[in-house]
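Report on one structure; see the data block that follows.
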Amino acid sequence: MNEKTKESIQKALKTGKSLNLNLEQFGKVKIERRLPFLLVYRNPEPDNKKILRLVLGESSYIITNIEQTANGKIADIIKLISKTLSEEYRAVMIIEIWIGSPECNTFKIKTSKEKAPATVETLYEGLVDFCSHQHELKTEIEYTPHRHPDNLDPILTLDQCQEVGAYLVGLEIPPFFKDEEKDEFYYMVFRDFKSQFSKILRKSIYEFIRVQTTFDIRNYQVLGSTTISPSVWDVDKQLFKIQENFQFLLLISPINTMEAKAEFIDHNFRINPKFLYRLLPIDPDQLKEELFKINIRSIEDPTLAFLFSDKREELEKQITMLKERGTSNFMFSSIRLYSSVDKDLYETARYLLKEIPPEDFSNSRWVEAEELAERCREEVKYYQKEYPKLDAKVEVKNDIVGMLVSKGQLYIGKSFKVPEERVEALVHHEIGTHVLTFYNGLAQPFKQLSIGFADYEELQEGIAVLAEYLVGGLTGDRLRLLAARVVAGHCLTEGSTFEETFLELTEHYNLDRESAFQVTARIHQGGGCTKDIIYLRGLIKLIDYLKEGGELEPLFIGKIALKHIPLMEELRMRDILKPAPMTPRFLLNEKSLERLEKVKEGLSLIDMIK
């Protein structure tokens with residue numbers, strides 16, 4: 001180890017700044033910040049970068065070649081790092097990992113019987129759990145002084161470890177993700193393992209740090225990397241650019257709904273209306289080519305790799321749907337994107353429609369589109385005081401039915417009107433949820449949080465409908481409407497025509513003709529779209545989440561799905577995400593918070609409208 005390398009390491013450890021050294025002929029040293037652990041990997045295949053991904057996404061590691069031993073320069077570096085960290089934190093954990101022989105099917109943890117039993121147990125249990133979902137894999141613990149591959153000398157002797165305050169663990173990984181004889185590498189298997197292995201490692205390291213050191217640590221997720229590689233920003237930018245090419249919801253929404261309704265009425269509700277759509281501003285095939293040129297595999301961080309890969313799959317489904325718009329294939333693609341109606345959801349929807357009587361709004365004052373738009377603009381101004389960067393516009397348009405938020409802008413159909421009792425609920429649904437989460441997401445480093453990570457819409461609509469309840473505006477008719485959308489979705493996937501779906505809603509569930517037409521038109525748009533089933537489904541899943549102790553406020557960080565909640569928590573703990581600049585107005589209201597507590601205590605859907 002030359003003096004320059006030694007000084008760089010000492011400076012990084014002293015200041016806590018990131019160290020990223022490429023060592024000629026030896027490999028790489030990365031110490032992102034002062035953490036009392038170090039991963040070591042002696043790479044037997046310098047030209048094979050795939051296995052390296054097991055360590056490259058972590059925050060502290062050394063990669064070197066197989067020639068390095070306890071007498072080599074890398075050993076000097078490990079000793080310097082270990083001694084410096086153990087002097088400050090009492091101990092440091094070193095884990096050497098390697099890949100076992102082709103016939104190996106066992107994770108082997110090589111350790112001491114006396115030291116850090118909780119750490120070893122955590123590592124063992126994590127690997128056992130992983131093996132329970134894999135064919136013929138198992139895990140065992142070997143209590144041995146030999147913590148290194150059988151074919152190599154130790155990278156650090158136990159005496160050296162004792163001198164520098166290091167606890168050394170060896171971990172042999174079976175090569176179940178490749179077949180040497182066939183020269184095949186199973187990328188999907190490896191990707192899944194990499195993601196789970198990262199969590200298993202961090203949990204065991206966390207246990208060591210928590211018990212054996214003086215380092216103050218809150219959660220195992222803190223051990224993840226806090227620096228973002230340039231490839232992440234490139235991928236984020238490219239995905240955002242592709243989505244900027246089209247407004248999915250606008251492009252699948254008909255532009256002649258009012259004319260189609262008039263024709264439907266003229267024919268005594270006995271025809272299947274013909275819908276017209278905006279011209280596509282994209283070439284779907286070309287856009288797909290660009291989409292799959294994005295090098296997501298360059299992202300080493302398993303959490304970010306999953307988020308971006310998942311988003312790419314969703315974009316591919318949306319682009320496919322645009323290409324299939326107006327054909328029978330559109331419905332099958334919509335099921336891929338939004339799923340179909342399961343039995344429990346269908347029965348819940350039918351129950352709500354049967355148990356909740358239609359409401360009478362004959363004595364209500366009806367608010368026209370322009371007046372509603374003005375109230376929405378007032379709400380935008382309220383949030384602009386809190387966050388001046390919010391620049392949402394509210395537009396009334398002829399070719400829109402109902403209300404629709406796209407890219408943070410609110411569009412209201414010119415013919416749209418609502419009972420006065422529903423105005424506040426819709427304002428908080430559209431502005432307090434959809435617009436707010438768009439701009440909260442825009443304040444984060446990743447553009448995806450504004451346009452939405454994959455499958456975000458279900459949670460978004462669940463939150464938006466819950467917001468209606470929290471401000472006291474969730475009515476029986478509104479809940480009936482959400483249930484009717486589920487029933488219509490079921491009719492669609494069962495093969496019903498537009499006319500048959502309309503008759504099912506009006507004759508069997510007593511839906512008024514205006515509402516039944518709107519529900520049927522939305523569910524049959526594009527060739528059949530199951531998107532509208534996510535409103536009731538999203539509300540039910542959100543209520544279950546809250547009953548189980550989940551918190552509502554963190555969900556406004558951007559456009560995310562329920563499956564992303566632990567990932568967002570991890571990214572916040574790693575200081576990658578920032579606090580959201582805006583909190584919904586209704587979460588500052590005492591009555592709203594009282595209603596929220598009732599939901600957490602188990603309030604039923606029907607009781608929410610009483």
Side-chain angles (χ1 to χ4, degrees), residues 236-257 275-288 290-291 294 311-327 330 333-334 336-338 369 373 376 380 390-414 416 429-431 433-442 446-461 464 521-532 534-535 558-561:
D236 184 46
K237 184 178 178 180
Q238 290 173 68
L239 287 172
F240 183 79
K241 184 179 178 182
I242 284 178
Q243 188 147 345
E244 281 284 282
N245 282 282
F246 63 93
Q247 290 181 279
F248 180 69
L249 293 181
L250 278 177
L251 291 173
I252 67 170
S253 299
I255 57 176
N256 67 326
T257 303
F275 291 116
L276 303 176
Y277 302 92
R278 294 165 179 83
L279 296 176
L280 285 183
I282 60 164
D283 177 346
D285 292 335
Q286 181 183 349
L287 210 54
K288 278 192 181 184
E290 294 177 20
L291 183 64
I294 299 174
K311 180 61 182 179
R312 179 166 65 180
E313 289 182 23
E314 181 182 72
L315 285 172
E316 183 274 326
K317 293 172 187 175
Q318 290 180 341
I319 295 169
T320 296
M321 286 177 69
L322 292 179
K323 184 178 180 180
E324 296 172 343
R325 190 183 63 178
T327 72
F330 185 89
S333 291
S334 86
R336 286 181 64 218
L337 186 58
Y338 299 112
C376 289
V380 167
L390 187 147
D391 62 351
K393 304 292 187 296
V394 180
E395 294 184 40
V396 177
K397 296 174 70 72
N398 287 318
D399 59 353
I400 293 289
V401 176
M403 303 175 76
L404 184 149
V405 172
S406 182
K407 296 182 180 178
Q409 310 304 304
L410 174 61
Y411 303 103
I412 303 175
K414 191 173 182 64
F416 186 63
H429 179 118
E430 304 294 351
I431 304 297
T433 304
H434 296 326
V435 172
L436 180 141
T437 49
F438 176 85
Y439 284 96
N440 271 353
L442 212 56
F446 304 122
K447 295 179 183 293
Q448 304 307 312
L449 273 165
S450 63
I451 59 177
F453 279 119
D455 306 317
Y456 77 90
E457 289 173 299
E458 182 173 89
L459 178 58
Q460 271 283 294
E461 300 303 349
R522 286 171 60 118
I523 214 75
H524 280 270
Q525 67 183 359
C529 182
T530 59
K531 175 184 181 294
D532 275 2
I534 68 175
Y535 288 79
K559 296 188 182 294
I560 62 173

For Glu458, all residues meeting salt bridge (Lys or Arg N to Asp or Glu O under 4.0 Å), sequence neighbours excluded | Arg537, Lys541
Just wondering, more than 12 heavy atoms not from Lys414 lying within 6.0 Å of its NZ?
-> no
Looking at CD of Gln243 and CD of Gln238, how far apart are the two atoms once the value is rounded to the nearest 0.5 Å?
-> 14.5 Å
Qualifying residues under side chain to side chain donor-acceptor pair (under 3.5 Å), relative to Ser253, sequence neighbours excluded = none
Leu410 and Glu430: which non-hydrogen atoms are nearest, and at how many Å?
-> CD1-CB, 4.0 Å
Minimum heavy-atom distance Val396-Ala373, with the two atoms named = CG2-CB, 3.8 Å
Over all heavy atoms of both residues, which pair between Ala521 and Phe275 is shortest? Give the atoms and the distance, please.
-> CB-CZ, 3.9 Å
Spatial distance of atom CZ (Phe438) from atom CD1 (Ile431) [nearest 0.5 Å] = 12.5 Å
State, without any angle test, whether Gln460 and Thr433 hold a side-chain donor-acceptor pair at a distance under 3.5 Å.
-> no
Ile560 versus Leu449: any side-chain heavy-atom pair under 4.5 Å?
-> yes
Using side-chain contact (heavy atoms from CB on, under 4.5 Å) as the criterion, list what pairs up with Leu280, not counting sequence neighbours.
-> Leu251, Pro284, Leu322, Arg325
Nearest heavy atoms of Gly408 and Ala392, plus distance in Å = O-CB, 3.2 Å
Please test Gln525 against Thr257 for side-chain contact (heavy atoms from CB on, under 4.5 Å), starting from the C-alpha separation and ending with a verdict.
-> CA-CA 10 Å; Gln525 67 183 359; Thr257 303; over 6 Å; no
Salt bridge (Lys or Arg N to Asp or Glu O under 4.0 Å) against Lys559, all qualifying residues, sequence neighbours excluded = none
Any side-chain heavy-atom pair of Asp391 and Tyr439 under 4.5 Å | yes
Is a side-chain donor or acceptor of Lys397 paired with a backbone partner of Glu395 at a separation under 3.5 angstrom?
-> no
For Arg522, enumerate each residue passing the salt bridge (Lys or Arg N to Asp or Glu O under 4.0 Å) test, keeping only those at least two apart in sequence or located in another chain.
-> Asp532
By side chain to side chain donor-acceptor pair (under 3.5 Å), Asn398 pairs with (sequence neighbours left out) none
Got a sec, which pairs hit salt bridge (Lys or Arg N to Asp or Glu O under 4.0 Å) with one end in residues 245-254, sequence neighbours left out?
-> none
Begin from the C-alpha positions of Phe246 and Ile319 and carry the test side-chain contact (heavy atoms from CB on, under 4.5 Å) through to its verdict.
-> CA-CA 9 Å; Phe246 63 93; Ile319 295 169; 4.0 Å; yes
With no hydrogens and no angle check, is any side-chain donor or acceptor of Thr327 less than 3.5 Å from a backbone partner on Glu324?
-> yes
Do you know which two heavy atoms are closest between Gln247 and Ser406, and how far apart they sit?
-> NE2-OG, 2.6 Å
Given the rule in the side-chain contact (heavy atoms from CB on, under 4.5 Å) test, do Ile412 and Ile400 qualify, once you have shown the distances and angles that lead to the verdict?
-> CA-CA 6 Å; Ile412 303 175; Ile400 293 289; over 6 Å; no
With sequence neighbours left out, the residues meeting side-chain contact (heavy atoms from CB on, under 4.5 Å) with Lys241 are none
Under the side-chain contact (heavy atoms from CB on, under 4.5 Å) test, which residues partner Lys237, sequence neighbours left out?
-> none
Donor-acceptor pair, side chain of Tyr277 and main chain of Gly526, under 3.5 angstrom | yes
Leu279 side, atom CG; Leu276 side, atom CG - distance, nearest 0.5 Å = 10.5 Å
For a quick test of your reading: what N or O donor-acceptor pairs under 3.5 Å do the side chains of residues 450-457 make, sequence neighbours left out?
unit_1	atom_1	unit_2	atom_2	d
Ser450	OG	Lys447	O	2.7
Asp455	OD2	Lys563	NZ	2.7
Glu457	OE1	Tyr338	OH	3.2

Candidate list Glu314, Glu313, Glu316, test salt bridge (Lys or Arg N to Asp or Glu O under 4.0 Å), partner Arg336, passing option | Glu316
First locate atom OG of Ser333, then atom NZ of Lys323, and finally report the distance between them rounded to the nearest 0.5 Å.
-> 10.5 Å
Mind checking whether Met321 and Ser334 have side chains closer than 4.5 Å, heavy atoms only?
-> yes
Separation of Asp283 CG from Glu290 CD (nearest 0.5 Å) | 9.0 Å
Which atom pair, heavy atoms only, marks the closest approach of Phe416 to Gly402?
-> CD1-CA, 3.5 Å
Can you list the residues that meet the salt bridge (Lys or Arg N to Asp or Glu O under 4.0 Å) rule with Glu244, with sequence neighbours excluded?
-> Lys407
Working to the nearest 0.5 Å, report the span between CD1 of Ile252 and CD of Gln318.
-> 8.5 Å
Mind checking what makes side-chain contact (heavy atoms from CB on, under 4.5 Å) contact with Leu239, not counting sequence neighbours?
-> Val235, Leu291, Ile294, Phe308, Lys311, Arg312, Leu315, Gln448
